[in-house]
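Each remark here refers to the structure printed beneath this line.
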2 protein chains.
Amino acid sequence: MSLRHALLGLLSEHPASGYDLLKLFETSLANAWPATQSQIYTELTKLADAGLIAVAAEGPRGRKEYTLTAEGLAELRHWLTETKPQRTTRSDTLLRVFFLGVLTPDQARGYLTELIERADEGHQGLRQLEESIDWTDDNLSVYGRIALEYGLRLHTMHREWAEWASGQIT
Amino acid sequence: MSLRHALLGLLSEHPASGYDLLKLFETSLANAWPATQSQIYTELTKLADAGLIAVAAEGPRGRKEYTLTAEGLAELRHWLTETKPQRTTRSDTLLRVFFLGVLTPDQARGYLTELIERADEGHQGLRQLEESIDWTDDNLSVYGRIALEYGLRLHTMHREWAEWASGQIT
DNA sequence: GACATCATGTAACCCGTTACATGATTTT
DNA sequence: AAAATCATGTAACGGGTTACATGATGTC
């Protein structure tokens, strides 16, 4: 049920349309909780039905601008303070590591080398994102910056670990 | 489609029953790709139908011991070498960070403090797992050890990041 | 004999992905 | 006039979670 809270969270900063939210997902939440267009529109309808958000204005092309209701803000706060983050993390990348023994040592090292490249690319991508964003002093900027730092550190860790792991293969 | 490859991977080491595989998931793959009992049994049936695994022996209580077929091993190798790990990582924990601005600074720091505690617990849990395992020189041991190191480093990174983040909140 | 463990299978529901489907408005 | 962008909605499918359902075998 995190998608709904992601939407509530974004709407807590500014009113926005489904289209706006889709763009916000692409830039800010893409690395924490990716969502597709179809998912967003479906969930917005459900959130409106549940009274957690409301249509505040309508624009050209059937644009519907949603705002967070008092119930929606309460639900967001409840999620943040009263529920534990417990989503099981699944990593395709790490799963493969367990089975590298069915490959030759060279192939196994090759896999880890690719991971190093991907870590570097990811790190660079976040650096570029950092530069492209107009960092203000609003909440999403402050905490978005903290989340971005998480990503930078994660990629650095990936690189160092993959280098170490490569040396473990005899 | 990673569950099927996780099963093929485990079977590449030793023949095993659904029940055995369930136990293996709990100890070795739990942190990379958790799976439930119902999922495992369903997938094993599909894999057998597809000819990637076969029932090699039957035991008491309807126990079916599966082995990897040549096609299964080929599929495992194909997955490891020819397909890219691209599973989008979703992190409930990180998503929440974006919206900590709707809480008071004290509450936000409280959330990060909890993350530090969970990181320490996770680190300790892996240390205990490390000690409880009878590390041999088979493939799953060698690469399982590498995967475990990944977890240790991840938890360390989490702690350091959360401590840093806590200091960023004014 | 009671209890723990071994052992398998199915059904309902929710969430996420991909693809389809349509059309208005703005920019070049 | 053409192309890009804005804007929304639905349907089919696949995978994961929870719960239900059953029973045999080994151990104390």
Side-chain angles (χ1 to χ4, degrees), chain A residues 1-8 10-11 15-27 29-50 53 55-66 79 83-92 95, chain B residues 1-8 10-11 15-27 29-50 53 55-66 79 83-92 95:
Chain A
M1 289 293 269
S2 286
L3 173 63
R4 64 170 19 194
H5 296 110
L7 292 168
L8 294 176
L10 290 176
L11 288 173
S17 67
Y19 192 84
D20 294 339
L21 291 164
L22 178 61
K23 298 297 159 187
L24 281 170
F25 263 87
E26 280 165 15
T27 52
L29 301 187
N31 297 296
W33 204 271
T36 61
Q37 175 262 337
S38 96
Q39 230 185 327
I40 291 172
Y41 282 104
T42 306
E43 192 63 35
L44 284 172
T45 308
K46 286 188 202 163
L47 283 167
D49 287 348
I53 63 175
V55 177
E58 305 208 11
R61 281 162 296 205
R63 176 190 168 94
K64 287 188 257 181
E65 198 164 71
Y66 292 100
W79 174 66
T83 68
K84 299 262 175 207
Q86 57 184 350
R87 170 74 43 174
T88 51
T89 57
R90 282 198 167 77
S91 170
D92 190 355
L95 178 64
Chain B
M1 289 292 270
S2 285
L3 173 64
R4 65 170 17 193
H5 296 109
L7 292 169
L8 293 176
L10 290 176
L11 288 172
S17 67
Y19 192 84
D20 294 339
L21 292 164
L22 179 59
K23 299 296 158 188
L24 282 169
F25 264 85
E26 280 164 16
T27 52
L29 301 188
N31 297 297
W33 204 271
T36 60
Q37 175 262 336
S38 94
Q39 232 186 325
I40 291 172
Y41 282 104
T42 307
E43 191 62 37
L44 283 171
T45 308
K46 286 188 201 162
L47 284 167
D49 286 348
I53 63 175
V55 178
E58 305 208 11
R61 281 162 296 205
R63 176 190 168 94
K64 287 189 257 180
E65 197 163 72
Y66 292 99
W79 174 66
T83 67
K84 299 261 177 210
Q86 57 183 350
R87 171 73 44 173
T88 51
T89 57
R90 283 198 167 79
S91 169
D92 190 353
L95 177 64

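Bear in mind that the values here come from a model prediction, so they are computed numbers and not experimental data. Sequence lines set the chain letters: A, B, ... in the order given, protein chains first and strands last, and positions in each chain run from 1.
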Exercise for the section: Please determine if a side-chain N or O atom of Y41(B) lies less than 4.0 Å away from the OP1 or OP2 oxygen of dG9(C). Expected result: no
Problem - Distance test, side-chain N/O of K23(A) to OP1/OP2 of dT5(D), below 4.0 Å - result: no
Would you compute the distance between atom [atom1] of [X] and atom [atom2] of [Y] and round it to the nearest 0.5 angstrom?
X: S17(A); Y: E65(A); atom1: OG; atom2: CD; result: 6.5 Å
X: L44(B); Y: Y66(B); atom1: CG; atom2: OH; result: 5.0 Å
X: H5(A); Y: T83(A); atom1: NE2; atom2: OG1; result: 6.5 Å
X: I40(B); Y: K23(B); atom1: CD1; atom2: NZ; result: 10.0 Å
X: D92(A); Y: W33(B); atom1: CG; atom2: CH2; result: 5.5 Å

Could you check how far [atom1] of [X] sits from [atom2] of [N], rounded to whole Å?
X: R4(A); N: dC15(C); atom1: CZ; atom2: P; answer: 8 Å
X: Y66(A); N: dA7(D); atom1: OH; atom2: P; answer: 13 Å
X: I40(B); N: dA7(C); atom1: CD1; atom2: C1'; answer: 13 Å
X: D20(A); N: dA7(D); atom1: CG; atom2: P; answer: 6 Å
X: R63(A); N: dT26(C); atom1: CZ; atom2: P; answer: 12 Å
X: L44(A); N: dA7(D); atom1: CG; atom2: P; answer: 14 Å
X: Y19(A); N: dG23(C); atom1: OH; atom2: P; answer: 19 Å
X: L29(B); N: dG16(D); atom1: CG; atom2: P; answer: 13 Å

Practice task
Using the test salt bridge (Lys or Arg N to Asp or Glu O under 4.0 Å), find all partners of R61(B) that sit at least two apart in sequence or belong to another chain.
Solution key: none
Handout entry: Listed partners of R90(A) passing salt bridge (Lys or Arg N to Asp or Glu O under 4.0 Å), at least two apart
Key = none
Problem - With E43(A) via side chain to side chain contact (heavy atoms under 4.5 Å, CB included) - residues at least two apart - result: L3(A), R4(A), L7(A), K46(A), L47(A)
Problem - Full working for side chain to side chain contact (heavy atoms under 4.5 Å, CB included) between L29(B) and L24(B) - result: CA-CA 7 Å; L29(B) 301 188; L24(B) 282 169; over 6 Å; no
Problem - Side-chain heavy atoms of T89(A) within contact of T89(B), under 4.5 Å - result: no
Problem - Beyond-backbone contact of D20(A) with L10(A), side-chain heavy atoms, under 4.5 angstrom - result: no
Completion exercise
Side-chain atoms of K64(B) come closest, of dT8(D), dG9(C), dA7(C), to dG9(C)
Handout entry: Proximal nucleotide (of dC6(D), dT8(D), dA7(C)) relative to the S17(A) side chain
Key = dT8(D)
Handout entry: Reading 5' to 3' through nucleotides 16-21 of chain C, protein heavy-atom contacts under 4.0 Å coded B for base, S for sugar-phosphate only, - for none
Key = SBBB--
Exercise for the section: Apply side chain to side chain contact (heavy atoms under 4.5 Å, CB included) to the pair I53(B) and L8(B), showing each step before the final yes or no. Expected result: CA-CA 8 Å; I53(B) 63 175; L8(B) 293 176; 3.8 Å; yes
Pairs under 3.5 Å (N/O, protein and nucleotides 25-28 of chain D):
| unit_1 | atom_1 | unit_2 | atom_2 | d |
| --- | --- | --- | --- | --- |
| dT25(D) | O4' | R61(B) | NH1 | 3.4 |

Handout entry: End axis versus end axis in the helix from dG1(C)-dC28(D) to dT28(C)-dA1(D), the angle rounded to 10°, five pairs used at each terminus
Key = 30°
